[in-house]
Amino acid sequence: MAKRILTIAAAVAASSLMLSGCAASDTTEADTTTVNFRLWDENVAKAYEASFDEFEEQNPNISVNINVVPWDEYWSKLRTDVAGGTMDDVFWINNSYYGAYVDSGNLMDVGAVMGAGAKEAWEQSVVDQFTRNDTLWGVPQLYDAGIAVYYNAELLEAAGVSPEDLNGLTWDPEETENDNYLAMARKLTVDSSGTTGDAKGFDGGSVAQYGTNLAYDLQAILLPFIGSNGGKFQDGDEFAFANENSAQAINYLVQAINKYHVAPPAEETNGDGDFSLTAFTEGKMAMFQSGLYNLKEISESADFEWGVTMLPAGPEGRVSVTNGIVAAGNAASENKDAVKKVLGWLGSEQGNAYLGKDGSAVPGVVAAQDTYFEYWNKKDVDVSPFFDVVSDGPTIPAPTGTNYQKGFDQFDPLFKEIFMGSIDPLKGLEQAQAAANGAIGSPK
């Protein structure tokens, strides 16, 4: 990574100077154009505030207004606002949803706005994710790397477990001799009487401390478990999760939750995507499988010693999903000239570095990524497990597709039922796949 940074640093610095513009000495309020920028993450929004403060100093005729819309309503509001012509000028979008907006002509062509060579400065995996029809449709903002496991060092010590013990965990849905992950999760689960999950008399109905989190969470849980059992989630844009390997992986998760009670029940997590994160930061969970997107929150909220270790390995090894976020330009914006300048700033080392300076996210601009690693090195936090899992092994693609939202609306309630334990995993997956593919117009 260091070599790549050195190779492109000069080019990025030059483009940053050209794109940021020159500051004027006198600007009236009437001369100012406001560019509205939408995202869903409060922590990263704070980093953007500092970035845009500098941008506005260099471009006093442009004001950037940050609009934070919570994740739970982000995509429905995005769809409504785009259709109604009230969408912000620039907005975050992820791999799952961007295709529909590309095909409907709602996004700006980044190459046309910034030049075809601009993408050479950005994280290649994110560029690849958001390239459709040989065209890049967003400016990379952050790179999620892979999934790892946060641990509560104090709860591990109380159970006689070392962080090194977690690094060698494996799971297997068929060969129990190859599965020490569930045994570890049971050992780290404790009921209200102090009985551990692997001891006689354990009460799964009164868990005070969970061993891990195994919720219906596509990025952090489902895709890594499916991938490390040799399963798949999609085949192109079509849904393909109704296969034996995927069903085995999901059944393993469902049994761990509902039979062994090592993770919070679906009654809690189906409706609250942050339930497990909160349980971990409150000291009520020993292992928390997640991504870099929760690192800052854990660092600020956890008042105990914690660390990060590698993802557990399945029959096919460690297989993680990797993802990224881009800033997309609204093709219907009436402020296109100002939007181009904002996108240019967001895609420059100078503008994007703010996301890494306070540890909020790994910048999508490669030359700016050192700021992130420097921040966490000073905190004595080893983030290498998030990167090693994608550099050392295969990955499973993040969900995508032109009509992904339509498919999601169909499979989502059935997946929730599967995790509740109210429907057999394979049968539920078959129903969910048929419904999802029917919604996107696929016969499979």
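Below, each value reflects all heavy atoms present in this structure, side chains not excepted, and no hydrogens, waters or symmetry copies.
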Closest heavy-atom pair and its distance - [X], [Y]:
X      : Y      : value
Pro425 : Asn251 : CG-OD1, 3.6 Å
Ala47  : Ser360 : CB-OG, 4.1 Å
Val149 : Pro312 : CG2-CD, 3.9 Å
Asn352 : Leu346 : CB-O, 3.6 Å
Ser320 : Gly146 : OG-CA, 3.4 Å
Trp137 : Met108 : CE3-O, 3.5 Å

Side chain [X], main chain [Y], donor-acceptor under 3.5 Å:
X      : Y      : value
Arg318 : Leu311 : yes
Asn95  : Asn323 : no
Asp235 : Glu238 : no
Gln289 : Ile147 : no
Glu123 : Leu142 : no
Glu349 : Ala368 : no
Ser301 : Glu297 : yes
Asn180 : Thr170 : yes
Ser96  : Pro399 : yes

- Query: If you draw the axis of the six-membered ring of Phe419, does the NZ or CZ of Lys416 fall within 45° of it and under 6.0 Å from the ring centre?
  - Reply: no
Going by atom types only, do [X] and [Y] share a side-chain donor-acceptor pair under 3.5 Å?
X      : Y      : result
Asn330 : Asp89  : no
Trp345 : Ser51  : yes
Glu282 : Thr278 : no

How about [X] and [Y]: do any of their side-chain heavy atoms sit closer than 4.5 Å?
X      : Y      : result
Gln129 : Pro140 : no
Pro315 : Glu174 : no
Ser290 : Leu277 : no
Gln141 : Val326 : no
Phe239 : Phe233 : yes
Leu166 : Leu156 : yes
Asn245 : Glu316 : no
Leu188 : Tyr151 : no

When rounded to the nearest 0.5 angstrom, what distance separates [atom1] in [X] from [atom2] in [Y]?
X      : Y      : atom1 : atom2 : value
Thr131 : Leu136 : OG1   : CG    : 4.5 Å
Met184 : Thr189 : CE    : OG1   : 11.5 Å
Phe411 : Leu218 : CZ    : CG    : 5.5 Å
Met87  : Thr80  : CE    : OG1   : 10.5 Å
Leu414 : Lys427 : CG    : NZ    : 14.0 Å
Thr176 : Leu182 : OG1   : CG    : 10.5 Å

- Pairs flagged by side-chain hydrogen bond (donor to acceptor under 3.5 Å, both in side chains) wherever residues 190-219 is involved - sequence neighbours left out: Asp144-Gln219, Tyr181-Thr212, Asp191-Ser193, Ser192-Ser206, Ser193-Thr195, Thr196-Asp198, Asp203-Ser206, Tyr216-Asp412
- Message: With side-chain hydrogen bond (donor to acceptor under 3.5 Å, both in side chains) as the rule and sequence neighbours excluded, what pairs involving residues 252-274 come up?
- Response: Asp179-Tyr252
- NZ/NE/NH1/NH2 to OD/OE distance under 4.0 Å, Arg132 and Asp103: yes
- Task: Apply salt bridge (charged side-chain N to carboxylate O under 4.0 Å, His left out) to Asp358 and Lys296, showing your working.
- Result: CA-CA 9 Å; Asp358 71 348; Lys296 190 70 183 293; 3.7 Å; yes
- Message: Would Glu305 and Glu157 count as a side chain to side chain contact (heavy atoms under 4.5 Å, CB included) here? Give the steps.
- Response: CA-CA 11 Å; Glu305 184 181 348; Glu157 184 178 6; over 6 Å; no
Are the ring centres of [X] and [Y] closer than 6.0 Å?
X      : Y      : answer
Tyr143 : Tyr372 : no
Trp75  : Trp40  : yes
Trp171 : Phe225 : yes
Tyr150 : Phe386 : yes
Phe241 : Phe415 : yes

- Message: Taking NZ in Lys406 as the centre, count heavy atoms belonging to other residues, nucleotides or ligands within less than 6.0 Å. Is the count above 12?
- Response: no
- Apply the test ring-ring contact (aromatic ring centres under 6.0 Å, His included) to residues Tyr98 and Phe91: give CA-CA distance (whole Å), side-chain angles for both, the deciding distance (0.1 Å), then the verdict. CA-CA 11 Å; Tyr98 89 103; Phe91 53 95; over 10 Å; no
- Passing option when Tyr48 is tested against Phe37, Phe55, Tyr354 for ring-ring contact (aromatic ring centres under 6.0 Å, His included): Phe37
- Task: Could you walk me through whether Asn36 and Asn67 pass the side chain to side chain contact (heavy atoms under 4.5 Å, CB included) test, one step at a time?
- Result: CA-CA 7 Å; Asn36 292 307; Asn67 178 19; 5.8 Å; no
- Val127, Val110, Asp128 screened by side chain to side chain contact (heavy atoms under 4.5 Å, CB included) with Lys119, the one that passes: Val127
- Query: Looking at residues at least two apart in the chain, or sitting in another chain, which of them share a side-chain hydrogen bond (donor to acceptor under 3.5 Å, both in side chains) with Glu164?
  - Reply: Ser162
- Query: So Thr281 and Ile298, side chain to side chain contact (heavy atoms under 4.5 Å, CB included) or not? Walk me through it.
  - Reply: CA-CA 6 Å; Thr281 57; Ile298 288 171; 4.1 Å; yes
- Could you walk me through whether Asn133 and Thr135 pass the side-chain hydrogen bond (donor to acceptor under 3.5 Å, both in side chains) test, one step at a time? CA-CA 5 Å; Asn133 304 325; Thr135 301; over 6 Å; no
- Query: side chain to side chain contact (heavy atoms under 4.5 Å, CB included) between Asn43 and Glu300: does it pass, once the steps are laid out?
  - Reply: CA-CA 11 Å; Asn43 282 323; Glu300 294 179 348; 4.1 Å; yes
